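It should be emphasised that the depicted structure is a prediction, and the values quoted were computed from it without experimental measurement.
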Amino acid sequence: MATETVAKPRTSLRVHVQKFGTFLSGMIMPNIGAFIAWGLITALFIEKGWIPVPALGGFDTNAEGVPNVGLVGPMITYLLPLLIAYTGGRMVYDVRGGVVGAIGTMGVIVGAGIPMFIGAMIMGPLGGWTMKKIDLLWEGKIRPGFEMLVNNFSAGIWGALLAMLGFYGISPLVQAFSTAAGNVVQFLVNNGLLPLTSIFIEPAKVLFLNNAINHGVLTPLGIQQSLEQGKSILFLLEANPGPGMGILLAYMFFGKGLAKGSASGAAIIHFFGGIHEIYFPYVLMRPLLILAAIAGGMTGIATLAITGSGLVAPAAPGSIIAVLAQTSRDSYVGVILAVVLATTVSFLVASVILKTTKHSDEVDLSDATSKMEAMKGKKSSVSSVLTGAGAGVGTAVLAGPIKNIVFACDAGMGSSAMGASVLRNKIKAAGFPDVKVTNAAIANLSDTYDVVITHQDLTERAKPVTSSAAHFSVDNFMNSPRYDEIVELVKEHNTEGSTPDAGAADAGAAAAGAAGTAAGAGHGAHAASAPADAAPAAASGAAPAETAAPSDILVADSVILNGTATTRDAAIDEAGQLLLARGAVDEGYLAAMHEREESVSTYMGSFLAIPHGTNAAKDHILKSAVCVIRYPDGIDWNGKQVKFVVGVAGINNEHLHILSSIAKVFTNKAQVAQLEAATSVEEVLELFGKVNA
């Protein structure tokens with residue numbers, strides 16, 4: 001969520017390390033399912049597994065005497081690094097960057113001959129970044145009709161060069177680093193010094209600096225160690241839930257006020273949910289408690305080292321369920337003992353600290369939670385457990401002024417653009433023009449927004465990728481009562497105290513711009529910009545040139561005053577045929593319009609529906625166009641009466657001016673009446689044109 005105004009300056013070293021760790025984590029975490037799958041296959045089917053199967057575990061030979069390849073080796077050598085590389089490249093430059101990054105990583109994999117997780121985390125983003133820079137060299141210079149040829153060959157040629165660079169240049173360097181890091185870890189193990197890593201790891205967790213170490217070093221080294229030895233202690237250096245659990249138990253027995261009352265709920269989330277950040281505010285209230293976390297961490301690591309225990313794959317999140325699921329067959333006693341002893345030692349140390357220091361936990365838990373979010377740089381998805389706030393849609397606690405609001409739909413093309421336009425006007429009218437209201441496809445969302453609005457059928461899809469935001473569900477895009485709730489929320493959060501300084505405002509604007517850029521990567525996602533919704537000009541009615549509606553998006557031939565369709569599907573076909581006749585789309589887009597309607601209704605309210613294609617149909621759009629069809633007698637649209645159907649096909653934000661005009665018209669009952677009474681196409685075009693003035 002975009003709450004940089006409560007964070008420390010982004011020029012600090014801590015913030016840069018946080019961002020680096022978050023980026024590394026962003027490559028690993030989406031692929032944790034694949035790591036778990038590999039871990040389960042390894043635990044079950046290798047020679048020392050629960051159910052040894054030579055063909056799956058990759059040991060012994062088959063009937064022809066050929067050594068079994070199995071699943072374990074190829075998955076860790078090829079599948080997992082390539083997934084990481086693709087994810088990293090896509091984070092930098094969408095799918096194109098992911099593909100080029102994966103190609104380059106193949107060279108590192110073959111060149112090294114060992115699992116190349118660190119190499120993948122280098123080559124993936126490098127491939128995406130370099131491909132992005134190369135594309136900028138000829139952006140806008142390619143002759144029409146040659147785009148696909150140039151794009152495919154440039155990606156192929158550069159990917160091949162990167163693969164060779166990875167083979168000859170990157171793989172030896174990464175192999176040397178992996179060997180050196182492995183030697184350091186082995187030195188610590190051989191000399192009984194590994195528990196000392198808790199002195200750094202436990203404070204780093206509270207400061208959100210652990211991802212760079214955990215996902216950048218420990219996970220790759222742990223995977224290599226697990227491949228060689230069948231398990232690794234490194235997976236539990238950071239993921240052991242014991243130290244945090246001990247601190248929360250101490251608060252349950254010896255805490256006071258709100259901290260004591262909330263500790264039990266936090267303990268459940270921490271221990272079983274694996275969300276360790278839930279206990280960070282409790283440590284921040286009493287900084288001395290970091291000693292309890294360190295003592296617990298050291299005890300757990302020492303227990304694992306003494307018993308020779310470990311996990312076969314990463315445990316993410318750090319839930320006891322995930323830990324036990326990834327425990328090596330011969331390590332259950334050691335792992336369970338490590339968690340229990342870590343909890344016990346942490347509890348004893350924390351109890352002494354709580355009993356011997358005087359402090360008002362009742363007052364400071366909220367402040368500590370805000371401090372945690374400031375260090376994290378974003379709103380915590382679990383902080384409501386600590387502050388007592390509800391977790392329902394629209395009730396999330398926001399850590400600062402609301403700067404960025406996104407209206408998301410399946411395609412980011414029609415309903416979201418119009419909904420964003422309506423809400424933007426309401427927020428501007430309330431006196432908050434600096435609040436950025438954008439629209440995007442759900443597939444392009446990121447956790448950078450303060451508020452997310454979706455159709456009620458799409459809310460559950462949006463939540464996982466925007467977990468830090470306050471969510472609002474609507475079923476009427478034109479005049480939903482939820483818009484007024486959002487305006488009140490903006491008033492509440494943006495009028496407390498002094499107005500944010502320019503630097504903070506710039507940070508919010510930058511975040512909004514970045515989000516809009518990400519959303520605009522495809523044809524069906526746009527950041528609706530302010531000019532289309534600028535306040536009316538002078539009373540004279542003169543409009544600045546930049547606010548005029550593009551003349552070739554909605555033309556007279558695309559306005560029908562008396563549609564012939566009598567059903568919803570027929571109306572979609574009629575609108576689609578108008579777009580097809582304009583040369584704006586191909587036949588595939590018409591099918592996508594029906595597909596979109598089956599998943600989520602495009603009924604907007606105020607007798608209006610705006611059928612358009614799915615996000616996946618963006619390649620079927622040839623140019624931007626809008627058509628308007630009026631049905632005087634109305635059409636049944638999933639139980640709602642529709643008199644106006646607006647077909648939409650949009651590339652980038654070219655059609656948003658028209659949609660903004662349409663949205664303004666349909667939020668004004670008098671103007672809707674004018675549309676119903678219009679006797680000529682010119683009246684319709686003039687009405688939409690006047691709104692933009």
Side-chain angles (χ1 to χ4, degrees), residues 90 93-96 98-99 135 139-140 142-152 155 408-418 439-445 455 457-458 461 518-528 550 552-555 557-560 563 565 568-604 609-629 645-659 662:
R90 184 172 181 176
Y93 194 37
D94 204 41
V95 174
R96 186 168 171 81
V99 171
D135 283 349
E139 184 177 16
I142 305 174
R143 294 177 62 86
F146 287 84
E147 294 90 351
M148 182 176 294
L149 180 68
V150 173
N151 288 339
N152 287 342
C409 70
D410 181 65
M413 184 184 303
S415 53
S416 63
M418 298 186 74
N439 64 287
I442 283 182
N444 293 325
L445 287 178
H455 187 277
D457 295 336
L458 297 173
R461 285 177 56 192
H523 297 313
H526 324 288
D552 60 341
I553 304 295
L554 176 63
V555 298
D557 289 343
S558 296
V559 178
I560 305 297
R568 182 200 70 178
D569 290 344
I572 293 174
D573 286 334
E574 193 166 3
Q577 288 298 328
L578 286 176
L579 297 176
L580 189 63
R582 286 282 309 280
V585 300
D586 61 24
E587 291 283 355
Y589 190 76
L590 274 63
M593 294 173 73
H594 286 283
E595 182 182 345
R596 170 69 168 81
E597 198 65 45
E598 291 301 323
S599 61
V600 180
S601 175
T602 57
Y603 173 75
M604 302 289 294
I610 52 167
H612 53 279
T614 61
N615 191 47
K618 61 186 180 182
D619 292 335
H620 295 286
I621 302 175
L622 306 179
K623 67 178 182 179
S624 297
V626 172
C627 64
V628 178
I629 308 174
V645 172
V646 176
V648 177
I651 295 178
N652 297 325
N653 63 352
E654 296 175 348
H655 65 301
L656 295 184
H657 297 281
I658 293 294
L659 287 181
I662 293 172

What distance separates Ser624 OG from Leu579 CG, expressed to the nearest 0.5 Å? 10.5 Å

Using a 3.5 Å distance criterion without hydrogens, assess whether the side chain of Glu147 forms a donor-acceptor pair with backbone atoms of Ile142. no

Report the residues that fulfil side chain to side chain contact (heavy atoms under 4.5 Å, CB included) with Ala570, sequence neighbours left out, ordered by chain and then residue number. Ala565, Thr567

With sequence neighbours left out, write down each residue that passes salt bridge (Lys or Arg N to Asp or Glu O under 4.0 Å) with Arg582, or none if nothing qualifies. none

Is there side-chain contact between Leu590 and Gln577, with at least one heavy-atom pair below 4.5 Å? yes

Does the side chain of Ile572 come within less than 4.5 Å of Glu597's, by heavy atoms? yes

His620 side chain near Asp586 side chain, heavy-atom distance below 4.5 Å: yes

Counterpart residues, salt bridge (Lys or Arg N to Asp or Glu O under 4.0 Å), relative to Glu598 (two or more places apart): Arg568

Step by step, would you call Glu574 with Val645 a side-chain contact (heavy atoms from CB on, under 4.5 Å)? CA-CA 9 Å; Glu574 193 166 3; Val645 172; over 6 Å; no

What residues, two or more places apart in sequence or in another chain, satisfy side chain to side chain donor-acceptor pair (under 3.5 Å) together with Asp557? none

With sequence neighbours left out, write down each residue that passes side chain to side chain donor-acceptor pair (under 3.5 Å) with Asp573, or none if nothing qualifies. His594

Decide side-chain contact (heavy atoms from CB on, under 4.5 Å) for Val585 and Met593; before the verdict, give the C-alpha distance in whole Å, the side-chain angles of both, and the deciding distance to 0.1 Å. CA-CA 11 Å; Val585 300; Met593 294 173 73; over 6 Å; no

Contacts of type side chain to side chain contact (heavy atoms under 4.5 Å, CB included), residue Ala592, not counting sequence neighbours: Thr614, Ala617

